[in-house]
Number of protein chains: 2
Amino acid sequence: MQSAPFDSTKLRCNMCAIRHRAVCGALSDEEISSINAIAKRRLYKPGDMILNADDHVDFFANIVSGAVKLTKMLGDGRQQIVGLQFAPDFLGRAYKERSPYFAEAATDVELCLFPRKAFEGLLKEKPGLEMRLFQDTLNELDAARDWMLLLGRKTASEKVASFVEMIARRTPMIGCSHTDEDPDNVHVFLPLSRSEIADYLGLTIETVSRQIGKLKSAGILRLHASREFSVRDMATLREAANIDEE
Amino acid sequence: MQSAPFDSTKLRCNMCAIRHRAVCGALSDEEISSINAIAKRRLYKPGDMILNADDHVDFFANIVSGAVKLTKMLGDGRQQIVGLQFAPDFLGRAYKERSPYFAEAATDVELCLFPRKAFEGLLKEKPGLEMRLFQDTLNELDAARDWMLLLGRKTASEKVASFVEMIARRTPMIGCSHTDEDPDNVHVFLPLSRSEIADYLGLTIETVSRQIGKLKSAGILRLHASREFSVRDMATLREAANIDEE
DNA sequence: CGCGGATTTGAACTGAATCAATCGACGTGG
DNA sequence: CCACGTCGATTGATTCAGTTCAAATCCGCG
């Protein structure tokens, strides 16, 4: 343990809010400098397009804060959200030149960007990094398949309940708030508008609005603003969502 | 180049129909013996359960021939097919103890099974193998997201047309028939029953049947048997399916 | 205060589900 | 060889969940 010379680049990553939760967690403090050297931060406003479908992709990124929606579109404008990513999720499709979907900032977003070539080089050098990315991808695949069950077989009210449950469940993680709150009074800020929720659930705005209304009048939710509410009865919510998971 | 002693185990994999198209393609002829030593073949009949959801999974597998459907189920029996795998696809969820879905033989199926522990050991030793599996997983994730768009936003007739198009497109691959046939006279055998197609598309049997009827009377399909037909007009089929892809 | 976009609410409509026969194709046994 | 039963697929009639179209209402903001 000797006093090392001051290293500003190393310092940056070591101060990063998601240093250990993002893919960077697969790198040691020694190795992190190699990724630090190539990383750049960038901010996005809600609605900003991060990545267009069929775009040539020349970067990967970690989400430092905020929510990013991945969407697909039919020729006539019908739209489907196929993924919703929060900090500290990874963004980008390895081993493919072009993006298979749009990536759009749903909230204020901060990304930590890595140039494609440099990052792919790192992937080859650090097997731990690739394994970590592989595991993240497997988890995303599981989530996508869960959502397929929702899209194909759940009713409108089950869909909306499932969505609210998912957001409520992930909220403590996202905020990184270590206050282990009362599970029957989770305060939630929705990262999506009604129309985005509709695009996530394969419904219309009107149906989403009506179903949220029902959850409210059933006493399961207490609305504070259109994008802000508390879950008053998690158990009933999960029941309404038809959750099976462990 | 010296004459090697006869090696029956090595011979087996080298004669395998999917030797170079499956994940095994990531291994050299030298390396293949390590996987050969742990592999076992097994046959399944249509409807046989290969893997139950929440089962402790103690093997991985390559599909040597046939089609395997991955399904999820709601408490009340509603079902959704979340993946349809053909030879030479890989089967199994790495880095997770329990299966997140059911895997069921849709047709006659032959698997090449690897004990979990031994295969995970191989994964660590052979980085090429893990990378190959990673790429396969990324492709599955892309496919799952394409299907989410279908499930959430396509109409019944678009769904059925998309399904038929997908099967017609993959048929030449599956059969490994190198006869580059007329694209407007592809002969197709459906690996799924009407009720399975319904579970794949988030529809009912009746709706599937009606939509297939429409494709037939529109002259796009010529039915030979309920599970056997020819595609007469691929361009119109793709149009009806609302395909955007490259 | 008044404007404009997002959300909610209402009423009518419709695509797909449900309910209900019927129709093969196929195997079995008389 | 034909009657019978079974199971998947088709076809028809009806219903209904969710969409569509059309107003309100809410709310943030200059």
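Side chains included, hydrogens not; waters and symmetry mates left out as well; all remaining heavy atoms used. Lettering follows sequence order; numbering is per chain, from 1.
For the pair His224(A) NE2 and dT7(C) P, the computed distance is 17 Å after rounding to whole Å. If you measure from atom CG of Leu190(A) to atom P of dT8(C), you get 10 Å, rounded to the nearest angstrom. Atom CD of Glu228(B) is separated from atom C1' of dC26(C) by 16 Å (rounded to the nearest Å). Atom CD in Gln211(A) sits about 16 Å away from atom P in dT7(C), given to the nearest Å. Following rounding to the nearest Å, Leu203(A) (CG) and dT7(C) (C1') show an atom-to-atom distance of 16 Å. Atom CZ of Arg153(B) and atom C1' of dT20(D) are 13 Å apart (whole Å). Atom CG in Asp76(A) sits about 11 Å away from atom P in dT20(D), given to the nearest Å. Rounded to an integer number of Å, the gap from CD1 of Ile212(B) to C1' of dT11(D) is 14 Å.
How far CD1 of Ile81(B) is from CE of Met73(B): 12.5 Å, rounded to the nearest 0.5 Å. Taken to the nearest 0.5 Å, the CG atom of Asp136(B) stands 7.0 Å off from the CD atom of Glu140(B).
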- Message: Let's go through Asp199(B) and Lys69(B) carefully: what are the C-alpha distance in whole Å and the side-chain angles of both, what is the deciding distance for salt bridge (Lys or Arg N to Asp or Glu O under 4.0 Å) to 0.1 Å, and is it a yes or a no?
- Response: CA-CA 10 Å; Asp199(B) 284 343; Lys69(B) 56 180 179 145; 5.8 Å; no
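Lys45(B) has a carboxylate O that lies under 4.0 Å from a charged side-chain N of Asp108(B), or vice versa, which qualifies the two as a salt bridge.
If you check the side chains of Ser162(A) and Lys154(A), you find a donor sitting under 3.5 Å from an acceptor.
Using cut-offs of 30° and 60° on the angle between ring planes, the pair Phe163(A) and Tyr200(A) is perpendicular.
Formation of a donor-acceptor pair under 3.5 Å by the Arg238(A) side chain with backbone atoms of Glu165(A) is not found in this model. Formation of a donor-acceptor pair under 3.5 Å by the Arg116(A) side chain with backbone atoms of Asp58(A) is not found in this model. In this structure, Arg153(A) contributes its side chain and Lys72(B) its backbone to no donor-acceptor pair below 3.5 Å.
Nearest-nucleotide positions on DNA chain C place Ser209(A) closer to the 5' end than the other of Ser209(A) and Thr204(B).
Comparing dG18(D), dT10(D), dA16(C) by their nearest atom to the side chain of Ile205(B) picks out dT10(D).
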Restricting both atoms to N or O, compile the protein contacts to nucleotides 21-26 of chain D shorter than 3.5 Å, with distance only.
residue	atom	partner	partner atom	Å
dC21(D)	N4	Glu206(A)	OE2	3.0

Identify the pairs formed between an N or O of the protein and an N or O of nucleotides 2-6 of chain C at a distance under 3.5 Å, and give each distance.
none

